[in-house]
Amino acid sequence: MGTVLNPSDFAAARAVRSATLKELGVAPICLAPGQEDPGHSHTVVEEVVIVQKGEGRIQIEDNTYDLCAGSVAVVPAGQFHAMCNVGTEDFEAVAIFNANVDRDAVVLKTREEHFGTAPSDEMDVEALKAELAEVGKTVRRLQRKLAKA
């Protein structure tokens, strides 16, 4: 399960194990007011997000947490995560992740792929026929109404 630590909980951040700089990747995050990222999940790579400025929210799997300057979010490998800026100023954070992994072993998934709601490439012909029949009925009803008017 993901974890979010707020400034008052900072002592709990010791749960993040130490690593040398050769093992860490760092990515800056900046979201304008109202902006949100589409989110993703990835195997093998764990993330720690440290908020530097602004107000935001992070979704980790099915849970949503408020973020502010000093918040620390811990995202285990394989869990979906997405962030948004809910404040009036830029939301700035840094993501720190384990970079000492075989990149070919990392499976990156979108929200749809992660939660299993990706649209199917296969067309359901029978459902399409039924939908078109309903549209046809609606069109004919509207034509009759217009003819009477």
- Verify, without hydrogens or angle tests, whether Thr64 (side chain) and Ile60 (backbone) share a donor-acceptor contact under 3.5 angstrom. no

- Taking side chain as C-beta onward, heavy atoms only, is Val48 less than 4.5 Å from Val72? yes

- Task: Give the C-alpha distance, both sets of side-chain angles, the deciding distance and a yes or no for side-chain contact (heavy atoms from CB on, under 4.5 Å) between Val45 and Val101.
- Result: CA-CA 7 Å; Val45 178; Val101 298; 4.0 Å; yes

- Query: What pair of heavy atoms forms the shortest contact from Cys84 to Glu36, and how long is it?
  - Reply: CB-CB, 3.4 Å

- In Å, rounded to the nearest 0.5 Å, how long is the span from CD of Gln35 to SG of Cys30? 7.5 Å

- Would you say Thr43's side chain and Val107's backbone share a donor-acceptor pair under 3.5 angstrom? yes

- Note on the structure: One should read off an interatomic distance between Glu55 CD and Asp66 CG, to the nearest 0.5 angstrom, of 8.5 Å

- Over 12 foreign heavy atoms within 6.0 Å of CZ, Arg57: no

- Query: For the residue pair Val44 and Asn98, what are the closest heavy atoms and their distance?
  - Reply: O-ND2, 3.3 Å

- Item | Euclidean distance, Glu113 CD relative to Ser41 OG, rounded to 0.5 Å | 8.0 Å

- Query: Can you check whether Pro28 reaches Val94 side chain to side chain, under 4.5 Å on heavy atoms?
  - Reply: no

- Taking every non-hydrogen atom, the tightest pair across His114 and Phe80: CD2-CB, 3.4 Å

- Query: Looking at side-chain heavy atoms only, is the closest gap between Leu67 and Phe91 below 4.5 Å?
  - Reply: yes

- Does Leu31 offer a backbone N or O that forms a donor-acceptor pair with the side chain of Asn85 under 3.5 Å? yes

- Message: To the nearest 0.5 Å, what is the distance between CD on Gln59 and CG on Asn63?
- Response: 8.5 Å

- Report the distance from atom NE2 of His42 to atom CD of Gln79, rounding to the nearest 0.5 Å. 10.5 Å

- Minimum-distance pair of heavy atoms, taken over all atoms of Gly25 and Ala99: N-CB, 3.6 Å

- Exercise: do His81 and Glu47 side chains pair donor with acceptor under 3.5 Å: yes

- Message: On a heavy-atom basis, which atom in Pro33 and which in Gly87 lie closest, and how many Å separate them?
- Response: CB-O, 3.5 Å

- Task: Could you tell me whether a side-chain N or O of Asp90 sits under 3.5 Å from a main-chain N or O of Glu92, the two making a donor and an acceptor?
- Result: no

- Query: Do you know which two heavy atoms are closest between Asp62 and Phe115, and how far apart they sit?
  - Reply: OD1-CE2, 3.6 Å

- Can you find a pair of side-chain heavy atoms, one from Ile29 and one from Met83, that are under 4.5 Å apart? yes

